[in-house]
Amino acid sequence: MQSFSAFSAKFIFLALILQSVVRISYCQEGFCYAPSILEEQPLYWKATNPTLSPSHLKDLPGFTRSVYKSDHALITPESHVFGPLPEWSNTLGAYLITPPMGSHFAMYLAKMQEFSKSALPPKDVERFVFVLHGVVTLTDASGAKHKLEVDSYTYLPPNLKHSLNSSASATLVVLERRYDYLENHASEQIIGSTSEQPLLETPGEVFQLRKLLPTSLAYDFNIHIMDFQPGEFLNVKEVHYNQHGLLLLEGQGIYRLGDSWYPVQAGDTIWMAPFVPQWYAALGKSKTRYLLYKDVNRNPL
């Protein structure tokens with residue numbers, strides 16, 4: 001009789017533990033949610049659903065990891081401010097990097113809803129679009145339609161008529177800059193995805209590198225996709241004339257900017273001015289991937 005009672009107690013105890021684990025796994029608030037155990041999340045899910053969202057910071061009034069300095073900025077998700085994007089329909093945008101902070105380009109998130117449509121950029125402004133969530137349809141100047149899914153992108157030359165449409169929710173990161181014309185060179189529309197791009201050699205470095213745009217003189221910037229395994233870091237402590245705009249797509253780590261060291265994670269945005277010292281190390285248990293804007297192919301004068 002005692003052994004049966006002991007067995008019953010153990011069974012009830014194990015059942016309670018299992019119930020708690022399942023409940024914790026499905027928790028939607030706080031830090032208890034464990035999707036990696038019960039379900040596979042979509043690519044770049046953490047970039048649009050960061051760990052530290054405003055709801056997680058409700059007990060820390062006034063707290064933000066965002067920082068703005070003369071030569072760099074860290075813009076974190078809890079400080080995003082969304083508003084209607086000018087001339088876009090049914091779309092909210094959050095500008096993350098803009099010329100008033102010292103950049104020569106703009107970088108923003110566009111959250112498209114049902115039956116939404118983009119607007120054209122200003123005259124002589126080129127545009128790069130990368131899909132973080134959902135599906136959008138690109139209609140180009142010829143009327144051809146192209147389906148862009150997560151990890152797909154398009155480059156649109158200045159003054160090219162086009163539209164982006166979405167029948168459901170979708171999140172894009174958009175980069176725009178005034179095109180720096182070069183005689184006898186003209187950029188062309190590009191549609192692609194990260195997985196289609198080859199890995200490039202990175203002498204002296206361990207990270208994996210893909211470039212999403214051609215390296216020819218027609219293009220005055222490029223977009224790099226850089227992957228780091230946990231524990232990997234940049235060997236070069238970079239200081240250069242190029243500007244950067246960075247969106248962390250996956251993972252977490254430490255970024256050095258000038259004399260400051262910042263813990264960063266998926267969903268964070270960084271602006272780096274010319275000649276600011278910069279360095280990154282990947283931490284955590286999963287790889288880091290970030291999207292990096294870099295101006296190229298033009299004389300800094």
Side-chain angles (χ1 to χ4, degrees), residues 28 41-50 53-55 75-99 103 105-179 187 189-195 212-213 221 223 225 245-250 266-269 291 293:
Q28 295 295 325
Q41 294 295 349
L43 190 63
Y44 308 142
W45 183 84
K46 286 188 176 181
T48 53
N49 296 271
S53 64
S55 62
I75 309 299
T76 58
E78 74 276 357
S79 53
H80 289 175
V81 178
F82 283 89
L85 276 177
E87 300 183 24
W88 291 52
S89 64
N90 206 19
T91 303
L92 295 177
Y95 285 94
L96 308 175
I97 300 173
T98 62
S103 69
F105 65 98
M107 179 176 177
Y108 58 94
L109 295 176
K111 288 191 174 183
M112 305 183 78
Q113 303 302 320
E114 293 183 1
F115 311 114
S116 54
K117 182 179 179 180
S118 67
L120 291 173
K123 183 181 178 181
D124 294 335
V125 170
E126 56 193 332
R127 171 181 280 174
F128 178 89
V129 177
F130 187 92
V131 182
L132 296 173
H133 161 74
V135 179
V136 297
T137 300
L138 167 68
T139 304
D140 62 25
S142 68
K145 296 183 182 298
H146 309 272
K147 183 179 179 181
L148 302 180
E149 300 177 321
V150 174
D151 211 37
S152 298
Y153 63 88
T154 182
Y155 167 81
L156 301 154
N159 308 319
L160 178 74
K161 290 185 177 180
H162 67 275
S163 67
L164 296 158
N165 299 76
S166 181
S167 59
S169 64
T171 303
L172 317 174
V173 56
V174 184
L175 292 105
E176 296 173 344
R177 64 165 286 176
R178 195 162 298 279
Y179 185 62
S187 59
Q189 177 181 307
I190 295 172
I191 297 171
S193 67
T194 300
S195 59
L212 303 189
L213 298 182
F221 74 90
I223 301 293
I225 298 292
L246 182 153
L247 175 63
L248 208 66
L249 298 171
E250 298 181 271
D268 290 351
T269 300
L291 176 153
Y293 164 95

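The nearest pair of heavy atoms linking Pro121 to His162 is CD-CE1, 3.8 Å. Closest heavy-atom contact between Ser163 and Lys117: CB-CE, 3.8 Å. Residues Val136 and Ala170 come closest through the heavy atom pair CG1-CB, 3.7 Å. For Leu85 against Tyr108, the heavy-atom pair with the smallest separation is CD1-CE1, 3.8 Å. Contact record, His146 with Asp140: NE2-OD2, 3.0 Å, taken as the closest heavy-atom pair. In terms of heavy atoms, Ala110 sits closest to Trp88 at CB-CZ3, 4.0 Å.
One finds the CZ atom of Arg178 at 10.5 Å from the CD atom of Glu126 (value rounded to the nearest 0.5 Å). The distance from atom CG of Leu212 to atom CD1 of Ile225, rounded to the nearest 0.5 Å, is 5.0 Å. A distance of 5.0 Å separates OG1 of Thr269 from NE2 of His80, quoted to the nearest 0.5 Å. In this structure, CG on Leu175 lies 5.0 Å from CD1 on Ile223, to the nearest 0.5 angstrom. Atom OG of Ser142 and atom CG of Leu160 lie 9.0 Å apart (nearest 0.5 Å).
When Leu291, Leu247, Val150 are each tested for a side-chain contact (heavy atoms from CB on, under 4.5 Å) with Leu132, only one passes: Leu247. With Ser169 as the partner, the side-chain contact (heavy atoms from CB on, under 4.5 Å) test is satisfied by one option alone out of Met112, Lys111, His133: His133.
Annotation: Phe105 is not in aromatic contact with Phe221 [ring centroid separation under 6.0 Å not met].
For the pair Asp124 (side chain) and Pro158 (backbone), a donor-acceptor distance under 3.5 Å is absent. In this structure a side-chain-to-backbone donor-acceptor pair under 3.5 Å is missing from Asp268 to Thr76.
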Problem set entry | Stepwise side chain to side chain contact (heavy atoms under 4.5 Å, CB included) check, Phe128 with Leu213 | CA-CA 10 Å; Phe128 178 89; Leu213 298 182; 4.3 Å; yes

For this session: Report the C-alpha separation of Tyr153 and Ile190 in whole Å, then their side-chain angles, then the decisive distance to 0.1 Å, and conclude whether the side chain to side chain contact (heavy atoms under 4.5 Å, CB included) test is met.
Result: CA-CA 8 Å; Tyr153 63 88; Ile190 295 172; 4.2 Å; yes

For this session: Go through Leu138 and Gln189 one step at a time and tell me if the side chain to side chain contact (heavy atoms under 4.5 Å, CB included) criterion holds.
Result: CA-CA 11 Å; Leu138 167 68; Gln189 177 181 307; 4.3 Å; yes

Exercise. Do Leu109 and Phe82 pass the side chain to side chain contact (heavy atoms under 4.5 Å, CB included) test, and can you show the C-alpha distance, the side-chain angles, and the key distance before you say yes or no?
Worked result: CA-CA 9 Å; Leu109 295 176; Phe82 283 89; 4.2 Å; yes

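Under the salt bridge (Lys or Arg N to Asp or Glu O under 4.0 Å) criterion, Glu250 pairs with no residue, sequence neighbours left out. Contacts of Ser195 classified as side-chain contact (heavy atoms from CB on, under 4.5 Å), with partners at least two apart in sequence or in another chain: Ser193. Evaluation of the side-chain contact (heavy atoms from CB on, under 4.5 Å) rule for Ser167 yields no partner, not counting sequence neighbours. Taking the side-chain contact (heavy atoms from CB on, under 4.5 Å) definition, one finds that Asn49 meets it with Trp45, sequence neighbours left out. Under the rule for a side-chain contact (heavy atoms from CB on, under 4.5 Å), the partners of Lys147 that lie at least two apart in sequence or sit in another chain are Val135, Glu149.
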Give the table of side-chain donor-acceptor pairs shorter than 3.5 Å for residues 91-99, with sequence neighbours excluded, one pair per line with atom names and distance.
unit_1, atom_1, unit_2, atom_2, d
Thr91, OG1, Ser89, O, 2.9

